[in-house]
Chemist: 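Below is a structure I'd like to ask you about.
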Amino acid sequence: MTTQAREQWRSRWGFVLAAIGSAVGLGNMWRFSYLTAEMGGAAFVGLYLVFTLLIGLPVMLAELTLGRGARAGPVAALGHYGGPAWRGLGVVFVAAGFLILSYYGVIGGWTLRYAAEAIWIGFPTDPGDHFGALASGWDSLATQVVFMGITIVIVAGGIGSGIERVARIAMPALFAIIVAIAVYAFTLEGSGAGYRYYLNFELRNALALDVVVAAAGQAFFSLSLGMGAILTFASYLPRESHLVRETFVISFSDFGVAFVAGLMVFPLIFALGMANEIEAGTIGALFVALPKAFLSMGPVGRLIGSAFFLALVVGALTSAISLLEVVVAATIDRFGWGRRRAAWISGLAVTGLGVWSAFDLRVLDLADSLAINLFLVGGGLGIAVFVGWIMADPVGEAAIGSRPSFWLEGWRFLLRFVVPVALVFVLWNSLPETWEKLRALLGS
Ligand code: PHE
């Protein structure tokens, strides 16, 4: 622990917007849309909402409580409340941050490239080939390096003058853009088919095991839970902040953005006859179907498309910042380095690991499965057990700054019983898919 005073957010909204910035990202737009398409619409969305409420909210409050209370990065925070043995869980979090950011930076690079091209060149006439050419290989590496460079510079700038400053401008801009596009999509002829596809509920899908598992993983990923990102951001909070309120604000904003993103993506795609593209449900779907739709809309499409990819860049960047911050905070705690040094060294190390994903989409896909199914869901399980069973007085700690209420006892009950049971179930049932992907990659 350094003797220097710990950095702090400058304002309540600075923190809230930065946390929403962490939550809202590629998960809400890219991953949410392609999974909703692949998993059959509203059943997936409904389950994702259920997991957000039942598991996301309790784990979010648990991370906020740990971070604010310990005022330290993930490893030191777990050590603070649980003794040396629990530091290991914090190390797993840092590893998860490393792994996720390694491929997140690659996709972030794509969004940067798409935004720049939309603005300066326009959309390509052959989006499929175009995506194929820039998604892996040297092009992909180049955009990943640029994206990571921007991320590192912002994190090196610190909490108040780097992360908070960016979030305060970027997040409101992102909200405005996606709401505007969703409203515009509503006016398009033929958009009705998109809403029907998106909001059509089929019970059969809601009961399918793979849909349940995917929805749980998506809830963790989208809320930035299970690897200490929210915990780390909370470690820069003043003691009197109202954690229960922030839990709701952050979680509902995140769900809201994903939901609105669906109201934007599906009507657009269906109105312009690109339905079969998205139904393929692959990681490239959004990057192929949407440019096609934008291209067929002429100059308006160029404008909307530029705004869309700009919003995607903003979302990706503010999430990448929080992923890197986990690694940086732990590095500062551990080695006592300055922030600048910690940001550059860990940022470059993450970029190095990401080279693998930049050159092979299957590695990227596998990293995504591993990170979410094992690390985030497993990490969420660890947090629930830790705060529910090990931490001495989580209810008292969480209540500081909030009105004490008996709901917090309900929170502890969820952490002790409901969350662990649900997550063990999800973890167990996700193993076959992850294993399949690993085998396919190794076997080739
Ligand atoms: N929540 C981010 C998104 O939706 C991704 C993320 C996961 C960020 C975990 C931080 C920690 O894109």
Side-chain angles (χ1 to χ4, degrees), residues 23-56 100 103 107 182 193-226 251 254-270 274-290 312 361-362 364-374 376-377 380 422-423 425-437 440:
V24 169
L26 295 169
N28 301 62
M29 294 183 259
W30 159 75
R31 208 169 184 280
F32 174 74
S33 318
Y34 93 73
L35 276 179
T36 301
E38 185 184 340
M39 299 289 164
F44 172 77
V45 183
L47 283 171
Y48 162 56
L49 178 62
V50 169
F51 280 116
T52 298
L53 297 175
L54 209 67
I55 297 183
I100 297 178
Y103 72 87
I107 307 170
Y195 296 113
R196 273 194 295 282
Y197 179 74
Y198 179 35
L199 302 173
N200 170 41
F201 182 85
E202 294 223 19
L203 188 62
R204 184 168 41 92
N205 290 340
L207 300 176
L209 210 52
D210 57 335
V211 181
V212 175
V213 167
Q218 173 63 10
F220 268 88
F221 184 73
S222 188
L223 291 165
S224 301
L225 293 177
S251 306
D254 184 62
F255 181 83
V257 170
F259 191 74
V260 174
L263 293 177
M264 160 175 82
V265 167
F266 292 106
L268 265 180
I269 287 180
F270 276 75
M274 307 299 163
N276 51 347
E277 300 282 350
I278 187 94
E279 271 160 342
T282 59
I283 54 176
L286 201 64
F287 291 95
V288 177
L290 279 175
L312 214 51
L361 280 185
R362 290 169 318 168
L364 188 154
D365 195 25
L366 176 67
D368 184 69
S369 293
L370 274 179
I372 295 176
N373 293 341
L374 295 183
L376 296 189
V377 174
L423 291 185
F425 176 82
V426 168
L427 203 57
W428 178 251
N429 285 291
S430 71
L431 292 180
E433 188 205 308
T434 314
W435 176 238
E436 254 330 297
K437 284 188 182 170

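Because the structure is a prediction, the values reported are computed rather than measured.
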Chemist: With sequence neighbours left out, write down each residue that passes side-chain contact (heavy atoms from CB on, under 4.5 Å) with Ser430, or none if nothing qualifies.
Modeler: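 Expected list: Val213, Asn373.
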
Chemist: For a 4.5 angstrom cut-off between non-hydrogen side-chain atoms, does Arg31 reach Asp368?
Modeler: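 In contact.
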
Chemist: Does the side chain of Phe44 reach to within under 4.5 Å of the side chain of Asn205, using non-hydrogen atoms?
Modeler: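 Phe44 does not reach Asn205 side chain to side chain.
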
Chemist: Roughly how far, to the nearest 0.5 Å, is the CG atom of Leu225 from the CD1 atom of Ile55?
Modeler: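 With rounding to 0.5 Å, CD1 (Ile55) is 10.5 Å from CG (Leu225).
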
Chemist: Judged by atom type as modelled, is there a donor-acceptor pair below 3.5 Å linking the side chain of Glu202 to the main-chain atoms of Ala42?
Modeler: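 Pair absent, no side-chain N/O of Glu202 close to backbone of Ala42.
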
Chemist: Minimum heavy-atom separation for Gly56 and Leu223, please, with both atom names.
Modeler: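 Looking at all heavy atoms of both residues, the shortest contact is CA-CD1, 3.7 Å.
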
Chemist: Would you say that Val265 contacts Thr36 through its side chain, given a criterion of any heavy-atom pair below 4.5 Å between the two side chains?
Modeler: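 They are not in contact (no side-chain heavy atoms under 4.5 Å apart), so the answer is no.
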
Chemist: Taking atom CG of Leu376 and atom CG of Leu427, what is their separation to the nearest 0.5 Å?
Modeler: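 Reported value, rounded in 0.5 Å steps: 11.0 Å.
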
Chemist: Rounded to the nearest 0.5 Å, what separation is found between the CD atom of Gln218 and the CG atom of Leu47?
Modeler: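 Separation between the atoms: 12.0 Å.
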
Chemist: Flag the pair Phe259 / Asn28 as yes when at least one side-chain heavy-atom distance between them is below 4.5 Å, and no otherwise.
Modeler: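 No, their side chains stay 4.5 Å or more apart.
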
Chemist: Kindly assign one of parallel, tilted or perpendicular to the pair Tyr198 and Phe32, based on the angle between their ring planes and the thresholds 30° and 60°.
Modeler: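 Rings of Tyr198 and Phe32: perpendicular, over 60°.
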
Chemist: Do Phe51 and Val212 touch side chain to side chain, with heavy atoms closer than 4.5 Å?
Modeler: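 A side-chain contact exists here, since the closest heavy-atom pair is under 4.5 Å.
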
Chemist: What closest approach, in Å, do Ala182 and Val260 show between heavy atoms, and which atom pair accounts for it?
Modeler: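 Closest pair (atom of Ala182, atom of Val260, distance): CB-CG1, 4.0 Å.
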
Chemist: If you measure from CG on Leu290 to CE on Met274, what distance do you get to the nearest 0.5 Å?
Modeler: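 Answer rounded to 0.5 Å: 9.5 Å.
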
Chemist: Between CZ of Phe221 and CD1 of Ile100, what distance do you get to the nearest 0.5 Å?
Modeler: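 One finds 6.0 Å between CZ of Phe221 and CD1 of Ile100.
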
Chemist: Only one of Ile372, Leu423, Val426 forms a side-chain contact (heavy atoms from CB on, under 4.5 Å) with Phe220, so which one is it?
Modeler: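 Only one of Ile372, Leu423, Val426 forms a side-chain contact (heavy atoms from CB on, under 4.5 Å) with Phe220, namely Leu423.
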
Chemist: Aromatic contact between Tyr48 and Phe255, with the criterion being ring centroids under 6.0 Å apart: yes or no?
Modeler: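 Aromatic pair counts; centres sit under 6.0 Å.
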
Chemist: Can you name the side-chain contact (heavy atoms from CB on, under 4.5 Å) partners of Leu54, sequence neighbours left out?
Modeler: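 Leu54 satisfies side-chain contact (heavy atoms from CB on, under 4.5 Å) with Val418 once adjacent residues are dropped.
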
Chemist: Considering all heavy atoms of both residues, which atom of Asp254 and which atom of Ser222 are nearest to each other, and what is their separation?
Modeler: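 Nearest heavy atoms, Asp254 then Ser222: OD2-OG, 2.8 Å.
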
Chemist: Does the side chain of Asp210 reach to within under 4.5 Å of the side chain of Asn429, using non-hydrogen atoms?
Modeler: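 In short, these two side chains do not touch, never coming nearer than 4.5 Å.
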
Chemist: Between Gly262 and Pro267, what is the shortest heavy-atom contact and its length?
Modeler: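 Minimum heavy-atom contact is O-CD, 3.5 Å.
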
Chemist: Minimum heavy-atom separation for Ala43 and Ala206, please, with both atom names.
Modeler: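 Minimum heavy-atom separation between Ala43 and Ala206: CB-N, 3.5 Å.
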
Chemist: Taking the side chain as C-beta and beyond, is there a heavy-atom pair between Phe287 and Ile107 under 4.5 Å?
Modeler: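 Yes. Closest side-chain heavy atoms under 4.5 Å.
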
